[in-house]
Amino acid sequence: MELFPMGTYDVIVVGAGHAGCEAGLAAARLGKKTLMLSINLEAVAMMACNPSIGGTGKGHLVREIDALGGEMGLNIDKTFIQSRMLNTAKGPAVHSLRAQADKNQYHIEMKKTLEKQTNLDLKQGEVVDLLMEDGTACGVVLKTGAIYRCKAVILATGTFLAGKIFIGDSVFESGPNGLAPSTELAVKLREYGLPMRRFKTGTPARALASSLDYDKMIPQEGDREVVPFSFMNDELEKDQIKCWLTYTNEKTHDVIRANFHRSALFGGQIEGVGPRYCPSIEDKVNRFADRKRHQLFIEPEGLYTEEMYIQGMSSSLPEDVQEQFYKTIEGLENLEIVRPAYAIEYDCIDPLDLKINLENRSIDGLFCAGQFNGSSGYEEAAAQGLMAGINAVRKIDGKEPFVLDRSEAYIGVLIDDLVTKGTNEPYRIMTSRAEYRLMLRQDNADLRLTAKGYDIGLVQQDRYERLLKKKAVVDKETQRLKKKIISPEIANPFLETRGSAPIKSATALIELLKRPEITYDDTAEIDDERPAMTKQQQTMMEVQIKYEGYIIKQKQQIEKFKRLENKRLDPEMEYEKIDGLRIEARQKLSKFKPLSVGQASRISGVSPADINVLLIYLEKMRRSSKNA
């Protein structure tokens, strides 16, 4: 094949899914000439699985992406058709926003944003190889023979790399949603010695809306008061559509059990590892044999389509069996499947081969993001794409990497888990993974991260000023509440109506607001001096006041964590020469080259005793240097 040059860029992004979109936009917005290449432009921000954004833990990521100047939150606010805040019966640390999207409109709006972005070119083309010079990635080769050169490459290939679809005995090469797979690039990456692995995921069938019986299902309404994902939106008003809840039953399970032998999952055709937290329906029936039913949600895929997504029912069983078991479910007795469920297997990299800035350890200038890194989910992909885009630019500019640690953001937890601990299955963010989740709430993501985004040049002036105003309003009102004194005569009748204990002496209003049964809105009855506040401002203030004691304790925990994170390690440190380190610790530390003692402590195979040895060694080196 004849090769021919077609242009030069600063950054080239391979893939235009959720990781690719954030990576390309970040690089372009930071002033770099950027090229995004997609195997098919219909794949731009494609929702190949669930047509939704957010959810438990994932909603935190979207808020953080938005706070840093990313696009996902803004895009879902434009295109949602139902919005719900999850886990509201629990504390604010685990409140998580989730929105059902019009999946086609989500794609259209994101594609339009990319097309309008200064410094960014979006092109359709299949990348089949990397250009390499002295172990450095410096461009890409397309299937047509076109060559594009650059200073940094970002791989965001999603599930396209050596993609293979499984529907019963039918096995064929394909990317998600029937699009072409990327096979030649997969071969090349293995030839370059990258530690590749096979993961798999799946998606349920789509059914025709008119074939469902909604009287037999439980309606799921959106929230009356919509909370936006983006901090740039104070409120959103939109007519929302319903989703529906129904359940499998013993008949469903009997059909599935009788056909285990026809499942690609149990038949041995699938070699890739799937996510434990999101198993296929046949896996659920097999693993949880005592369960009488499993819930599933029926979710519209958009306003201008009749397709309904059957959440909770992914499968690799053949089409005839799918039709049988779906029709045993209440409300689905007459369903018409328009797209069958399938499993998809794909190549991804072992994330332990990545640095904390998402650059590959063995190929200089090659950054990696999204499902290519072994993660799962649109939100995890977008978060990594944003960070890869930022760090590719900083690499080109000779600046220090932009890194968020575990105490600063869920994004920090996500990336640190991947590159330090690794993963043996598609990685999904969860609130339980964050040690400091009370500080990493979704309501304060802008407070934590927007100034950082402003400092690196991704957050624009209007967003930054909006944050400063929010902080000023919250601080001023908090101080006023501390000074506002309420007498027992005024407070006690009010407290009685709320089932709250009376006070015996005059009390600051802020003390009443600390009570769990009293909300800031409630206090309007006894406080006529309240200023106008947005819902965002009010939420942030109220959470800070009510959870002040817990927040103080968590800040103390973070200070201890920071002490280890701030003990920097020389990437060229010779661990083999440190007496007292176990052999495994020496090998792991030499391989991963941690940047801090904190990161070293999270590497599998490095024990607390090894960390103590390391701390003693560092102290000896410090004293030796001081006395020199």
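Below, each value reflects all heavy atoms present in this structure, side chains not excepted, and no hydrogens, waters or symmetry copies. What you see is a predicted model; the values in this text were computed from it and never measured. Positions are given from 1 along the sequence.
The distance from the CZ atom of Phe367 to the CD1 atom of Ile12 is 14.0 Å, given to the nearest 0.5 Å. Atoms OG1 and NE2, from Thr431 and His60 in turn, are 7.0 Å apart once rounded to the nearest 0.5 Å. The line from CD1 of Ile349 to CG of Leu366 is 7.0 Å long, rounded to the nearest 0.5 Å. One distance of note links CD1 of Ile76 with CG of Asp66; it measures 12.5 Å at 0.5 Å rounding. Remark: Leu414 CG to Ile429 CD1 distance equals 5.0 Å, nearest 0.5 Å.
Counting all heavy atoms, side chain and backbone alike, Glu301 lies closest to Arg206 at OE2-NE, 3.2 Å. Scanning both residues, Leu418 and Tyr427, for their nearest heavy atoms gives CD2-CB, 3.8 Å. Residues Asn177 and Tyr342 share a closest heavy-atom pair of N-OH, 3.0 Å. When every heavy atom of Leu68 is checked against every heavy atom of Leu449, the shortest pair comes out as CD2-O, 3.5 Å. Nearest heavy atom pair, residue Leu97 against residue Gln442, reads N-OE1, 3.1 Å. Looking at every heavy atom in both residues, Ile344 comes nearest to Ser174 through CD1-O, 3.9 Å.
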side-chain contact (heavy atoms from CB on, under 4.5 Å) evaluation trace for Ile53 with Asn75: CA-CA 10 Å; Ile53 294 293; Asn75 206 58; over 6 Å; no
side-chain contact (heavy atoms from CB on, under 4.5 Å) evaluation trace for Glu184 with Val187: CA-CA 5 Å; Glu184 294 177 59; Val187 172; 5.8 Å; no
Residues Leu41, Lys111; criterion side-chain contact (heavy atoms from CB on, under 4.5 Å); working and verdict: CA-CA 8 Å; Leu41 290 186; Lys111 184 167 177 281; 4.1 Å; yes
CA sep, side-chain torsions, deciding dist, call: Phe325, Met313, side-chain contact (heavy atoms from CB on, under 4.5 Å): CA-CA 10 Å; Phe325 72 67; Met313 293 286 281; 3.4 Å; yes
Worked check of side-chain hydrogen bond (donor to acceptor under 3.5 Å, both in side chains) between Gln322 and Ser315: CA-CA 8 Å; Gln322 290 185 35; Ser315 177; 4.8 Å; no
Evaluation steps, side-chain hydrogen bond (donor to acceptor under 3.5 Å, both in side chains), between Ser375 and Asn373: CA-CA 6 Å; Ser375 64; Asn373 290 353; over 6 Å; no
Pair Gln371-Thr159, side-chain hydrogen bond (donor to acceptor under 3.5 Å, both in side chains): steps then yes or no: CA-CA 7 Å; Gln371 287 186 263; Thr159 60; 5.1 Å; no
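Using modelled atom types, no side-chain atom of Thr79 and backbone atom of Ala101 make a donor-acceptor pair closer than 3.5 Å. At least one donor-acceptor pair under 3.5 Å links the side chain of Thr246 to the backbone N or O of Glu330. In this structure, Asn259 contributes its side chain and Arg262 its backbone to no donor-acceptor pair below 3.5 Å.
Remark: Lys143 engages Glu126 in a salt bridge, criterion side-chain N to carboxylate O under 4.0 Å. Checked for salt-bridge contact, Arg257 and Asp254 meet the test: a charged N lies under 4.0 Å from a carboxylate O. Using a 4.0 Å cut-off between charged side-chain N and carboxylate O, Glu307 and Lys103 make no salt bridge. At a threshold of 4.0 Å, the pair Lys188-Glu191 counts as salt-bridged, since one of the basic side-chain nitrogens sits closer than that to a carboxylate oxygen. The pair Asp417-Arg406 counts as a salt bridge, with a side-chain nitrogen and a carboxylate oxygen less than 4.0 angstrom apart. Ion pairing between Glu299 and Arg98 holds under the 4.0 Å rule for side-chain N and carboxylate O.
Under the side-chain contact (heavy atoms from CB on, under 4.5 Å) test applied with Lys78, the options Leu236, Thr113, Asp102 reduce to a single match, Thr113. Of the residues Arg441, Arg448, Lys58, the one that meets the salt bridge (charged side-chain N to carboxylate O under 4.0 Å, His left out) test with Glu64 is Arg448.
A donor-acceptor pair shorter than 3.5 Å cannot be found between the side chains of Asp223 and Ser83. Checking Glu282 against Ser316 by side-chain atom types alone, a donor-acceptor pair falls below 3.5 Å.
Aromatic ring pairs are classed by plane angle as parallel below 30°, tilted from 30° to 60° and perpendicular above 60°; the pair Tyr378 and His18 is tilted.
Residues meeting the side chain to side chain contact (heavy atoms under 4.5 Å, CB included) test with Arg190, sequence neighbours left out: Met196, Arg198, Asp347. With sequence neighbours left out, the side chain to side chain donor-acceptor pair (under 3.5 Å) criterion links Asn50 to Ser52.
Annotation for Lys90: atom NZ does not count as buried by contact number, only 12 or fewer foreign heavy atoms lying within 6.0 Å. By the 6.0 Å contact criterion, CG on Asp213 is enclosed, its count of non-hydrogen atoms from other residues, nucleotides or ligands being greater than 12. Environment of CZ in Phe172: crowded, with over 12 heavy atoms of neighbouring residues, nucleotides or ligands closer than 6.0 Å. In the displayed structure, Glu225 atom CD is contacted under 6.0 Å by at most 12 heavy atoms of other residues, nucleotides or ligands. Counting non-hydrogen atoms of neighbouring residues, nucleotides and ligands closer than 6.0 angstrom, the NZ atom of Lys421 exceeds 12 such neighbours. For CG of Asp320, the number of neighbouring non-hydrogen atoms (other residues, nucleotides, ligands) closer than 6.0 Å is greater than 12.
Two residues are said to be in side-chain contact when any heavy atoms from C-beta on lie closer than 4.5 Å; Ile603 and Pro594 meet this criterion. Proximity of Met110 to Glu71: side-chain heavy atoms (C-beta onward) are separated by under 4.5 Å at one or more points. Side-chain contact between Ile337 and Glu319 is absent, with no heavy atoms from C-beta onward closer than 4.5 Å. Put simply, the side chain of Phe260 reaches to within 4.5 Å of the side chain of Val285, judged on heavy atoms. The shortest distance between side-chain heavy atoms of Asp353 and Arg361 falls below 4.5 Å. A heavy-atom distance below 4.5 Å is not found between the side chains of Val419 and Leu352. Looking at Phe592 and Ser604, their side chains never come closer than 4.5 Å, going by heavy atoms from C-beta outward.
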